[in-house]
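So the structure is just underneath, and the comments pick up after that.
Chain letters run A, B, ... following the sequence lines, proteins first and then strands; every chain starts at 1.
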There are 2 protein chains.
Amino acid sequence: MVREVAEKQDVIPLLGEVFRQHGFSGTSLSQITLRTGLGKGSLYHFFPNGKKEMAEAVLDDVEEWFETHVFSNLRNNENPKAGIKQMFADVDFYFCSGNRICLLGSFALDDTRDQFATRVNTYFTSWCEALADTLKRNGLAPKKATDTAEFTVASIQGALVLARSQDDPKVFTRVLKCLQNQLIG
Amino acid sequence: MVREVAEKQDVIPLLGEVFRQHGFSGTSLSQITLRTGLGKGSLYHFFPNGKKEMAEAVLDDVEEWFETHVFSNLRNNENPKAGIKQMFADVDFYFCSGNRICLLGSFALDDTRDQFATRVNTYFTSWCEALADTLKRNGLAPKKATDTAEFTVASIQGALVLARSQDDPKVFTRVLKCLQNQLIG
DNA sequence: GTCTATAAAGCGATAGAC
DNA sequence: GTCTATCGCTTTATAGAC
């Protein structure tokens, strides 16, 4: 770290990296110290409730990014097709073209989910609903729009899993392209 | 446990349950003892290399199940459409209609993957290749078959993630139905 | 094959000096 | 705000009795 005095705002992205790498239960405070350059003293100064509060701060950060970039664009873009196209561009950017996993997806798979149940649920629900709204405005029947949105969000998550399993981010790019074709051909 | 003397074969499914619940790094030997009823002495008798060897035994078991039921059926079924239909039935059965996660997908997401890299890679590769083979025999062009198989396997994984995030297994059932429609609708 | 006892290391968390 | 020292607990793993 360059600065001697850290700011919480600068630490959160680094925490996100550590949690993405090791998972929540696989992340130890010593690994956090390694990545952030902050000792336990500083970490507990910023996050009095320890590791769980650190993860919550990261999840807040993730939610805010998706709300600002993805969800609000889906809801507010007057051109549904353009909104969907923009979603795929943002998603590709955020997940670094398949080189980055989804922290909420990672938390969802084991019992970490239960510690962050509301956040995990809300993130995916918001995404599905915002996309379903856009699909309706693009002419899909309500039920069809809901199902298609759910299917799309699921496939994006699975593409991240499969890309990592093969250690090949191109898998993610291919699935994204296929999904975009299905939605706005 | 009813039996006083355990057999390795009986222990492996229980190990699978524990790893599915907590993830690999979230699983401790004391939790394994709770679930299996076996003390450290017995566990290290069966698995001298400890937790990693236990996970490997579980992964071997999973691979064998999928090879026997899913992959070989896809490769050998003379009727491609029937083979695909059977795959979805087997997958729905194995993942308990969305109530069970994929251990290899769970391992893939964090750095647990690196400890089981070959197994994780091979499982998904075998699945994609077997499905692509069937899709070709059903009339798809080679490249289209490969892409569709990859897309399908990814979506199945993502459906498991999304179902757990919503604590709603029905999500899994809906995505599976949608995929089957796309393939042999 | 199973158990208990034990070791050494690492864990999350706290206290207090600076 | 940052650090070091420390606490109490859990971890993986081993040893040895039965």
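- Between A:F93 and A:W65, the ring-plane angle classifies as parallel under the 30° and 60° cut-offs.
- A straight line from CD of B:Q9 to P of C:dG1 spans 14 Å, rounded to a whole angstrom.
- Nucleotide C:dG1 holds its P atom 11 Å from the CG atom of B:L38, rounded to whole Å.
- Put simply, CD1 on A:I32 is 7 Å from P on C:dG12, counting in whole angstrom units.
- Ring orientation note: the planes of B:F151 and A:F151 are tilted relative to one another, at an angle of 30° to 60°.
- For B:S30, whose side chain is taken as the heavy atoms from C-beta onward, the closest listed nucleotide among C:dC3, D:dT2, D:dT11 is D:dT11.
- D:dT14 atom P lies 15 Å from atom CZ of B:F47, rounded to whole Å.
- Taking a cutoff of 4.0 Å between a charged side-chain nitrogen and a carboxylate oxygen, B:R119 and B:D60 qualify as a salt bridge.
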Just by protein heavy atoms under 4.0 Å, how would nucleotides 13-18 of chain C read 5' to 3' in B, S and -? BB----

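- Remark: B:R100 does not engage B:E17 in a salt bridge, criterion side-chain N to carboxylate O under 4.0 Å.
- Between the P atom of D:dT14 and the CD atom of B:E53 lies a distance of 12 Å, rounded to the nearest Å.
- Classified by interplanar angle (parallel below 30°, tilted 30° to 60°, perpendicular above 60°), the ring pair A:F66/A:Y123 is perpendicular.
- For the pair B:L131/B:I84, a side-chain contact is recorded, criterion being any heavy-atom separation below 4.5 Å from C-beta on.
- Within the 3.5 Å criterion, the main-chain N or O of A:T27 finds a donor-acceptor partner in the side chain of A:K51.
- Residue A:T33 is out of contact with every strand shown, counting any heavy-atom pair closer than 4.0 Å.
- The distance from atom NE2 of B:H45 to atom P of D:dA13 is 17 Å, rounded to the nearest whole Å.
- If you find the closest nucleotide of DNA chain C to A:Q31 and to B:G39, the one lying nearer the 5' end belongs to B:G39.
- Per the geometry, CG belonging to B:D10 stands 16 Å off C1' belonging to C:dT2, to the nearest Å.
- Taking only side-chain atoms of B:S28, from C-beta outward, the nucleotide of D:dC3, C:dT2, D:dT12 with the closest atom is D:dT12.
- Rounded to an integer number of Å, the gap from A:F24 CZ to C:dG12 C1' is 11 Å.
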